[in-house]
Amino acid sequence: MFLKIFDAHCHIFPEKIAAKASVNIGAFYGLHMSFDGSVKTLMDLYGKAGVDKCLVQSVATTPAQVKSINDFISESVKEYPDMFVGFCSLHPMMEKKEIEAEIDRAIGLGLKGIKLHPDFQKFRIDERKAYDIYEPAEGRLPILFHTGDKRYDYSSPKHLAAILKDFPKLIAIGAHFGGWSEWDEGRKYLADNPNVYVDTSSSLYEVSAEKALEYIRAFTADRVMFGTDYPMWDVRDELVNMEKLDLTDEERDKIMYKTACGLLGTSID
């Protein structure tokens, strides 16, 4: 059993497009989506599962989608302030002044970070145009990167490691243990960087309990956060997977909520 639960990786969508968006994500990965991605479904499910708080975000596949997505995330956080922490979306093809203004606006809206998905947004993490996001974000907001996909080169862990050399004060969250489908690469390139956090999302269905424990010990529980990738996976199944890991009580509490609360400046009452 867990004292408290913070799911640090959830995608949410407006009700009218949620089901379609969820299906499209599943098709991209060739994986079954467990739920429709709506806020209502998340709240119903997480209430039953005993989840205390979650990080919600979405991805803009074009610059034109950025503001409406950020408004939706902000409104969702305001509707469920005790449950949601929100990250904004940005797109590297925005003009630099637009990016800077949107980061300022996102902070004003109370959003706590940035979500980027290089494979959906079709840019390489270390592409120079993306530096227009990293420069104004450094020292201000953490960036949650989808990291790793053996089918593409956009989000390779080695590219994330490269940009962190140029932005030594940038806090990065490498989703999926730092490298979905390239988990060992995530550990190889990212585990030694103290500015890199990772989450467990979309990993425990494939990674053995023994391997997951190796990754956790490599990054340390101070930089690992529980995450599900809702609506892809059922949080109840993910909690069962977490219970299989031979963690100390201290490690478990850090991964399940303390690390996320500390990084995002929030708490669970």
Between the CD atom in Glu251 and the CG atom in Asp246, the distance rounded to the nearest 0.5 Å is 8.5 Å

Rounded to the nearest 0.5 angstrom, the OG1-CE distance for Thr62 and Met94 is 10.0 Å

- Task: Tell me whether Leu109 is reachable from Ile107 by hopping between hydrophobic residues (I, L, V, M, F, W, Y) whose side-chain heavy atoms are closer than 4.5 Å.
- Result: yes

On a heavy-atom basis, the closest approach of Ala130 and Arg124 is CB-O, 4.5 Å

Is Ile133 linked to Met93 within one hydrophobic cluster, defined over Ile, Leu, Val, Met, Phe, Trp and Tyr using a side-chain heavy-atom separation of less than 4.5 Å?
no

- Test side chain to side chain contact (heavy atoms under 4.5 Å, CB included) on Ile216 and Phe177 and set out the steps. CA-CA 8 Å; Ile216 288 168; Phe177 279 124; 3.9 Å; yes

Quiz item: Under 3.5 Å, is there a donor-acceptor pair linking the side chains of Ser155 and Asp149?
Solution: no

Ser22 versus Asp36, side-chain donor and acceptor atoms under 3.5 Å: no

task = Would you please say whether a donor-acceptor pair under 3.5 Å links the side chains of Tyr257 and Asp52?
result = no

- Item | Joint cluster assignment, Val240 & Val235, ILVMFWY side-chain distance < 4.5 Å | no

Rounding to 0.5 Å, atoms CG (Asp7) and OG (Ser201) come to a distance of 8.0 Å

With Leu263 as partner, the option from Leu55, Val85, Ile171 fulfilling side chain to side chain contact (heavy atoms under 4.5 Å, CB included) is Ile171

Note: Leu239 and Met256 closest approach over all heavy atoms is CD2-CE, 3.6 Å

- Side-chain contact test, heavy atoms from C-beta onward, threshold under 4.5 Å: evaluate it for Leu164 versus Leu170 and give yes or no. yes

By side-chain contact (heavy atoms from CB on, under 4.5 Å), Ser34 pairs with (sequence neighbours left out) His32

With side chain to side chain contact (heavy atoms under 4.5 Å, CB included) as the criterion, how do His159 and Asp153 come out once you've worked through the C-alpha distance, each side chain's angles and the decisive distance to 0.1 Å? CA-CA 9 Å; His159 299 325; Asp153 189 45; 3.1 Å; yes

Closest non-hydrogen contact found for Ala221 with Ile255 is CB-CG1, 4.0 Å

* Asked: Have Thr41 and Ser38 got a donor and an acceptor in their side chains that come within less than 3.5 Å?
  -> yes

Do you reckon Val66 sits in the same ILVMFWY cluster as Ile17, going by side-chain contacts under 4.5 Å, direct or chained?
yes

### Task
Would you mind reporting whether Leu245 and Met242 have side-chain heavy atoms less than 4.5 Å apart?
yes

Measure the acute angle between the ring planes of His11 and Phe13, then classify it against the limits of 30° and 60° as parallel, tilted or perpendicular.
parallel

Salt bridge or not for Asp132 and Lys97, using N-O below 4.0 Å? no

Given the options Asp199, Val196, Val198, Arg223 meets side chain to side chain contact (heavy atoms under 4.5 Å, CB included) only with Val196

List the steps, then state whether side chain to side chain contact (heavy atoms under 4.5 Å, CB included) holds for Leu111 with Phe87.
CA-CA 5 Å; Leu111 303 181; Phe87 273 20; over 6 Å; no

Does the side chain of Leu116 reach to within under 4.5 Å of the side chain of Tyr134, using non-hydrogen atoms? yes

Checklist entry - Are side-chain heavy atoms of Phe145 and Lys115 found at a separation under 4.5 Å? => result no

One should read off an interatomic distance between Leu45 CG and Phe35 CZ, to the nearest 0.5 angstrom, of 4.5 Å

For Ser156 and Ile125 the tightest heavy-atom approach is O-CD1, 4.3 Å

Taking the ring of Phe120 and the ring of Phe28, is the distance between their centroids below 6.0 Å? yes

In the single-linkage hydrophobic clustering (I, L, V, M, F, W, Y; side-chain heavy atoms under 4.5 Å), do Ile163 and Tyr152 co-cluster? yes

Quiz item: For Lys53 and Thr266, what are the C-alpha separation, side-chain angles and deciding distance, and is it a side chain to side chain contact (heavy atoms under 4.5 Å, CB included)?
Solution: CA-CA 10 Å; Lys53 197 177 285 283; Thr266 188; 3.7 Å; yes

Kindly indicate whether the side chain of Ile12, heavy atoms from C-beta on, has any atom under 4.5 Å from the side chain of Ser58.
-> no

Salt bridge check: are Asp184 and Lys211 linked by an N-O gap of less than 4.0 Å? yes

task: Would you tell me whether Tyr131 and Asp166 have side-chain atoms, one donor and one acceptor, within less than 3.5 Å of each other?
output: yes

- request: Flag the pair Ser181 / His176 as yes when at least one side-chain heavy-atom distance between them is below 4.5 Å, and no otherwise.
  value: no

Does this structure show an ion pair linking Asp44 with Lys48, if we count only N-O contacts that are shorter than 4.0 Å? no

* Indicate yes or no: at least one non-hydrogen side-chain atom of Arg105 is less than 4.5 angstrom from one of Asp71. => yes

Quiz prompt | Asp229 and Ser202 side chains, donor-acceptor separation under 3.5 Å | solution = yes

- Presence of salt bridge, Lys96 and Glu135, under 4.0 angstrom: yes

Nearest heavy-atom contact between Ile114 and Ile103 is CD1-CD1, 4.2 Å

Asp192/Arg187 salt bridge by N-O under 4.0 Å criterion: no

Interatomic distance, NE2@His146 vs CG@Leu160, rounded to 0.5 Å, equals 11.5 Å

Residue pairs meeting ring-ring contact (aromatic ring centres under 6.0 Å, His included), one or both in residues 190-213, sequence neighbours left out, come to Tyr205-Trp233

Separation between CD1 (Ile73) and NZ (Lys78), nearest 0.5 Å, reads 13.0 Å

The side chain to side chain contact (heavy atoms under 4.5 Å, CB included) partner of His91 among Lys122, Gln121, Gln65, Lys129 is Gln121

On a heavy-atom basis, the closest approach of Pro157 and Gly148 is CD-CA, 4.3 Å

| query | Taking atom types as modelled, is there a side-chain donor on Trp180 or Ser203 under 3.5 Å from an acceptor on the other? | reply | no

